[in-house]
Amino acid sequence: MTEQITPKTNFIKEIIDEHNRTGRFGGRVHTRFPPEPNGYLHIGHTKALVIDFGIAEEYGGLTNLRYDDTNPVKEDVEYVDAIKEDIRWLGFDWGDREYYASDYFEQLYDMAIELIKAGKAYVDELSAEEMRENRGTLTEPGKESPWRNRPVEENLNLFERMRAGEFPDGSKTLRAKIDMASPNMNMRDPVMYRILHAEHHRTGNKWCIYPMYDFAHGQSDSIEGITHSMCSLEYENHRPLYDWFLDALGIFHPQQIEFARLNLTHTVMSKRKLRKLVEEGYVDGWTDPRMPTLAAMRRRGYPPQAIRKFIELIGVAKNDSFVEVELLEHVVRDELNLIAPRRMAILKPLKLIIDNYPKGETEEFEVRDFPQNPENDARRTVPFGRELWIEQDDFMEEPAPKYFRLTPGREVRLMNAYFVTAHSVEKDEEGNVVAVHCTYDPETRGGNALDGRKVKGTIHWVSAEHAIDAEARLYDHLFKDDFPEDLPEGEVFTDHVSPDSLEVLKGIKLEPSLKEAKPGQFYQFVRNGYFTADSVDSSEEKLIFNRTISLVDTWAKLMK
RNA sequence: UGGGGCAUGGUGCAAUGGCAGCACACCGGACUUUGAAUCCGUGGAUCUAGGUUCGAAUCCUGGUGCCCCAGCCA
């Protein structure tokens, strides 16, 4: 297991410590996790999850789950449910504090009225295009809207009628009256409300005006008494606006803190791109095990503790960064190594016939599930017979240098069974080896020679007579490139989806104890990798295994 | 050529004026009934130029590079 040497602090905790020293929030720490229900949670969100829930817990505080559902045209209950399942799977608990920004629509509306009355908001009638033209550019100030200074009463009247549904989509907006010349574009009279005659997944058709994120998030935090509102770096430019609304309203003022979001090599993380992969069929839905979504990782067999551990290891900072996916894979292997019982399975079968083993005879071996762990003596029974399946890769008629598996004339160990020596091969008309003949030494039962002689190679096997047929799905990185988003001019990231990211193996051979394998149970297929039954397609009649992650393969590296 | 942020081995994160460290990756070795795991070991970093200081990754000044912002998205 990886050492628990993660840094004990980070810049966010230092800020909180400072607040606690000065008593800004009376020692209280209350955070929120604010997903928009418009897609599945991915590994990047896990960073926010671990920060939001982890920090609150560390300080003895609470975390609210709050859906940021202010845009009905993009959101759906399907995602609300999926998100909750993912959070629970990771082991986080929001108690009964499941909230929605849409719960606050009425209060938000009242706040807008208040700002209008204070002369800090106005109804604008500029079209989207006109508004864009008036906004100015990064280097030039914007122009004030001709509607900017109309009387409070008129604003009130118009805003009420916006709510009443008197105007078509896009015809009017409510804007904050701040500063069209601000160097921060977010302060150039940002839109607070837009007209959207759309059905909301929670409020139905009650509303036809919806608040913008900037007008909803800070106040939602405030209403819930959130003390520390963590978000990603791109919201840094929004903090002045977040603060402005809170101050203009004179309500409880949480602290927004921004951190760098997680980027991972060999994958893409934006919801837009993930959606594209799904919609254009590059993958089989949001839960395709190659996706970086939590649902996909669960299906693929990543243990949730490993994902949490990974997030703890990468730390928190404000530095834009790309984490190598190898670290995630390391943590997954590390965890699985501890919890996954060993099994024998042959992925690419080759027949091995023991010529001097009595025909028709079988025997059983009692084999340990965790041979590397002296404290866990769990065992299972594995049948053995005259004809076995071994891996094609475990036999070479003309061995490469340093190859020490099965090859004519060399003695190797069949794991937990006997020493065997290959003598001859059967080939098909194309010259492919289809069976290997060997002899065994009955004096090596269990895998050790009475005379103490050693063998260099140990290979795994499955009794042909008892084997169960199954399918295996081997996954590799979705993209071969480290940074699939860094593309030459004119190329699309979907063109780079790796054709090797999925390899389906029909007719793999399993030891019989795998018959009852269920999704959510992890196995190590000895010398091959970690596998789990597929939660969508596997059944008792037709077992289908996902390869969660291969074992480290020093031999393959040597061969390159 | 506006504003906001960020620069430490290949990657990510520490070091908060006092010996630049940890993890992954890489490389070498030991051990091995998994070419896994485990164990041991090597190499490799403070963007740059000045300044302050006995002493700077850390403080100051200038430069350079990268990221974000011109949605009625979040």
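Order of the sequence lines fixes the chain letters, A, B, ..., with proteins taken first and strands second; residue numbering starts at 1 for each chain. Given the structure is predicted, the values throughout are model-derived calculations rather than measurements.
- Using a 4.0 Å heavy-atom criterion, one finds that A:R132 contacts the sugar-phosphate atoms exclusively.
- Checked for salt-bridge contact, A:R150 and A:E125 meet the test: a charged N lies under 4.0 Å from a carboxylate O.
- Distance noted for atom C1' between B:G44 and B:C27: 11 Å (whole Å).
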Dot-bracket encoding per residue of RNA chain B, Watson-Crick/G-U cut-off under 3.5 Å, | denoting interstrand: .((((((..((((....[..))))..((((.......)))).....(((((..]....))))))))))).....
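- Under the 3.5 Å distance criterion, with hydrogens and angles disregarded, a donor-acceptor pair is assigned to the side chains of A:E36 and A:N38.
- In this structure, A:R343 and A:P341 have side chains that are in contact, with non-hydrogen atoms separated by less than 4.5 Å.
- Atom name C1', nucleotides B:U53 and B:G18: the rounded distance is 12 Å, in whole Å.
- For the pair A:N184 CG and B:G4 C1', the computed distance is 7 Å after rounding to whole Å.
- Taking the nucleotide of RNA chain B with the nearest heavy atom to each of A:M415 and A:D214, the more 5' of the two is matched to A:M415.
- Separating the P atom of B:U61 from that of B:G4 is a span of 14 Å, rounded to the nearest Å.
- Checking B:C27, B:C72, B:G2 against the side-chain heavy atoms of A:V191 singles out B:C72 as nearest.
- Taking CG from A:L336 and OG1 from A:T548, the interatomic distance works out to 6.0 Å, rounded to the nearest 0.5 Å.
- Using a 4.0 Å heavy-atom cutoff across all strands shown, A:L264 reaches no nucleic acid atom at all.
- Distance check: A:F33 CZ to A:Y67 OH gives 8.5 Å after rounding to the nearest 0.5 Å.
- Between the side chain of A:R405 and the base of B:G35 there is at least one donor-acceptor pair of N/O atoms closer than 3.5 Å.
- Comparing B:G65 with B:C47, their C1' atoms are spaced 7 Å from each other, to the whole Å.
- Nearest nucleotide to the A:V323 side chain, out of B:A74, B:G12, B:C67: B:G12.
- Taking atom P on both nucleotides, B:C6 is separated from B:G71 by 25 Å, rounded to a whole Å.
- Considering only side-chain N and O atoms, A:T137 lies nowhere under 4.0 angstrom from the phosphate OP1 or OP2 of B:G2.
- At the phosphate of B:C73, OP1 or OP2 sits under 4.0 Å from a side-chain N or O atom of A:R194.
- Rounded to whole Å, atom C1' of B:G35 lies 11 Å from atom CE of A:M559.
- For the residue pair A:Y530 and A:Q524, a side-chain donor N or O sits within less than 3.5 Å of a side-chain acceptor on the partner.
- A:K456 comes within 4.0 angstrom of a nucleotide base, judged by non-hydrogen atoms across all strands.
- For A:N319 and B:C13, the shortest distance from a side-chain N or O to OP1 or OP2 is below 4.0 Å.
- Atom CD in A:Q524 sits about 10 Å away from atom P in B:G35, given to the nearest Å.
- Rounded to an integer number of Å, the gap from CD of A:E329 to P of B:C26 is 11 Å.
- Look at B:G21: its glycosidic torsion is beyond 90° from 0, and that puts it in the anti range.
- Between B:A57 and B:C19, the two C1' atoms lie 14 Å apart (nearest whole Å).
- In this structure, A:R66 forms no cation-pi arrangement with A:Y100, as its terminal cationic atom is not both closer than 6.0 Å to the ring centre and no more than 45° off the ring axis.
- Across all strands, A:T173 comes closer than 4.0 Å to base atoms (heavy-atom distances).
- Nucleic acid contact class of A:Y193 (heavy atoms, under 4.0 Å, all strands): none.
- An OP1 or OP2 oxygen of B:U11 is reached within less than 4.0 angstrom by no side-chain nitrogen or oxygen of A:S321.
- Donor-acceptor pairing under 3.5 Å is recorded for the side chains of A:D221 and A:Y242.
- Contacts of A:V316 with the nucleic acid, taken as non-hydrogen atoms under 4.0 Å apart, involve only primed sugar atoms and P, OP1 or OP2.
- Counting distance only, with no hydrogens placed and no angle test, the side-chain atoms of A:E326 and the base atoms of B:U11 include no donor-acceptor pair under 3.5 Å.
- The side chain of A:L233 sits closest to B:G5 out of B:G5, B:C73, B:G2.
- Checked by atom type, the side-chain pair A:R410/A:T421 shows no donor-acceptor distance below 3.5 Å.
- Nearer to the 5' terminus of RNA chain B, by closest-nucleotide assignment, is the contact made by A:K47 (compared with the other of A:V552 and A:K47).
- B:C26 and B:G21 have their P atoms separated by 23 Å, given to the nearest Å.
- Rounded to whole Å, the distance from CG on A:N263 to C1' on B:C66 is 13 Å.
- For B:G71, the OP1/OP2 oxygens have a side-chain nitrogen or oxygen of A:R135 closer than 4.0 Å.
- Between A:W555 and B:G35, a base-stacking contact is recorded: ring centres under 5.5 Å apart, planes less than 30° from parallel.
- When the nucleotides B:A74, B:A36, B:A23 are ranked by their closest atom to the side chain of A:T554, B:A36 comes out on top.
- Regarding contacts with the backbone of B:C24, a side-chain N or O of A:H330 is found under 4.0 angstrom from either OP1 or OP2.
- When the side-chain nitrogen and oxygen atoms of A:K318 are compared with OP1 and OP2 of B:C68, none of them lie within a distance under 4.0 Å.
- Rounded to whole Å, the C1' atom of B:G43 lies 13 Å from the corresponding atom of B:A25.
- For A:L138, the side-chain atoms get nearest to B:A70 when compared with the rest of B:A70, B:A74, B:U34.
- When heavy atoms are screened at a 4.0 angstrom cut-off, A:E324 is found touching base atoms of the nucleic acid.
- Phosphate proximity of B:U34 to A:R342: absent, as no side-chain N or O sits under 4.0 Å from OP1 or OP2.
- Side-chain N/O atoms of A:N237 and base N/O atoms of B:G5 include no donor-acceptor pair closer than 3.5 Å.
- Heavy atoms of A:S127 sit under 4.0 angstrom from at least one base atom.
- Across all strands, A:F483 comes closer than 4.0 Å to no nucleic acid atom at all (heavy-atom distances).
- In this structure, A:N71 reaches the sugar-phosphate backbone alone: every heavy-atom distance under 4.0 Å involves primed, P, OP1 or OP2 atoms, never a base.
- As judged by a 4.0 angstrom heavy-atom cut-off over every strand, A:A317 is placed among residues touching the sugar-phosphate backbone only.
- Using a 4.0 Å heavy-atom criterion, one finds that A:K402 contacts the bases of the nucleic acid, with or without backbone contacts as well.
- For the atom pair CD (A:Q256) and OH (A:Y235), the distance works out to 9.0 Å, reported to the nearest 0.5 Å.
- Annotation for A:I43 and A:L262: closest pair O-CD2, 3.7 Å, computed over non-hydrogen atoms.
- Counting any heavy atom pair closer than 4.0 Å across all strands shown, A:Y210 reaches no nucleic acid atom.
- The line from NE2 of A:H42 to CG of A:L264 is 10.0 Å long, rounded to the nearest 0.5 Å.
- Regarding A:R261, its CZ atom lies at a distance of 17 Å from the C1' atom of B:C66, rounded to whole Å.
- Residue contacts for A:N448: at a heavy-atom cut-off of 4.0 Å it reaches a base atom on one of the strands shown.
- Using a 4.0 Å cut-off, no side-chain N or O of A:T139 falls inside it from OP1 or OP2 of B:G3.
- Of the candidates B:A70, B:G35, B:A74, B:A70 carries the atom nearest the A:M185 side chain, counting heavy atoms from C-beta on.
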